[in-house]
Structure formats: C-alpha cells, structure tokens
Amino acid sequence: MRPGFAAETALLNLLAFSDRDTEASYDSVLAFVAEVAEDMGWTTTDGGERRAPSDSDVAWSLFDIRQVWEACDLVAFQRSWRDRRFTLTEVGKAAALSYLRRVIRVVDAGHSR
C-alpha cells in the first residue's frame, strides 16, 4: 500500500473525528484505512500471496509519516501506549485541510486534461 494513500485516508478519518471534538483510537484509524484500502482494491503480498492489507500493514505504512506529524505537533496522543488515542491539533487540522485541498486540486487538474 502506498504510504501517501494511507496518510491521506487517515487524515480524512481524523478530520471527521475533529469535527465532532472527539479523539480517535489509533486502532480504529488503522481499521478504517485498511477497510478503505480493501474497498478500493489495494493489495499486499504475504509469502508470495496477494491479500487485502491488514491493520498491521497500515501501521507500517503510516509509521514514518506519523513520526513527522508528531514532531511537527500536528497530532496529539492521549492515554497509554496500549490504548492510544489521538486527535489533530489546531495546527494539524489546518495543515490537513490545506494538504487535502491541494491533493483535490491536483486530481481535478489531472482529470480535466
């Protein structure tokens, strides 16, 4: 799975939670991204066999970008390591919306050719 796809889908999910002023469990975000990836036909290989991505695959895809999000204070984690929950910070919301608007413009420009 392309890390950019995982990150964009996770951002959409986190934005939905931030609109309701609630925090998302990390596991629910992973499950959401895995479900969307499967619905869109993304696959991964496991021992040479193709299969739908798992929550673990999504976690690996998000690992590097999550480190950047944390370092730039775009997300805030709460609770314990075993029950991780996170939200977008105010800066994170603005950055996510700006990034997603740019992605939409790029996609729209590509379709208008």
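The cluster map of Ile, Leu, Val, Met, Phe, Trp and Tyr, joined by side-chain heavy atoms under 4.5 Å apart, puts Leu12 and Val33 in the same cluster. Cluster annotation: Phe17 and Leu100 are assigned to distinct hydrophobic clusters (Ile/Leu/Val/Met/Phe/Trp/Tyr, side-chain heavy-atom contacts under 4.5 Å, transitive). Hydrophobic clustering (ILVMFWY, side-chain heavy atoms < 4.5 Å, transitive): Phe86 and Phe63 are in distinct clusters. Linking Ile, Leu, Val, Met, Phe, Trp and Tyr residues whenever their side-chain heavy atoms come within less than 4.5 Å places Leu15 and Val29 in a single cluster. The same ILVMFWY cluster, assembled from side-chain heavy atoms under 4.5 Å apart, contains both Val91 and Phe77.
Closest approach of Thr44 to Ala52, counting heavy atoms only: CG2-O, 4.2 Å. Across every non-hydrogen atom of Val75 and Glu70, the tightest pair is CG2-CG, 3.8 Å.
At a cut-off of 3.5 Å, with distance as the only test, no side-chain donor of Thr45 or Arg50 sits close to an acceptor on the other residue.
Proximity of a side-chain donor or acceptor of Ser28 to a complementary backbone N or O of Ala24 within less than 3.5 Å is not detected.
Counting only residues at least two apart or on different chains, the side-chain hydrogen bond (donor to acceptor under 3.5 Å, both in side chains) pairs with a member in residues 86-98 are Glu90-Lys93.
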Would you check, one step at a time, whether the test side chain to side chain contact (heavy atoms under 4.5 Å, CB included) holds for Asp57 with Arg51? CA-CA 11 Å; Asp57 296 320; Arg51 62 168 176 76; 2.7 Å; yes

Show your reasoning for whether side chain to side chain contact (heavy atoms under 4.5 Å, CB included) applies to Leu97 and Leu11. CA-CA 9 Å; Leu97 288 170; Leu11 285 175; over 6 Å; no

Check step by step if side chain to side chain contact (heavy atoms under 4.5 Å, CB included) holds for Val58 and Leu62. CA-CA 6 Å; Val58 173; Leu62 287 176; 3.9 Å; yes

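A distance of 12.5 Å separates CG of Leu88 from CD of Glu23, quoted to the nearest 0.5 Å. Atoms OH and CG, on Tyr26 and Leu14 in that order, are 10.0 Å from each other to the nearest 0.5 Å. The CD atom of Glu38 sits 10.5 Å away from atom OG of Ser54, with the distance rounded to the nearest 0.5 Å. Rounded to the nearest 0.5 angstrom, Leu74 CG and Arg66 CZ are separated by 13.5 Å.
Ion pairing between a basic and an acidic side chain is recognised when a charged N comes within 4.0 Å of a carboxylate O; Asp27 and Arg85 show no such pairing.
Within 6.0 Å of the CD atom in Glu49, the count of heavy atoms belonging to other residues, nucleotides or ligands does not exceed 12.
Within the 4.5 Å cutoff, side-chain heavy atoms of Phe5 are placed close to those of Val36.
Judged as a side-chain hydrogen bond (donor to acceptor under 3.5 Å, both in side chains), and not counting sequence neighbours, Arg84 has no contacts.
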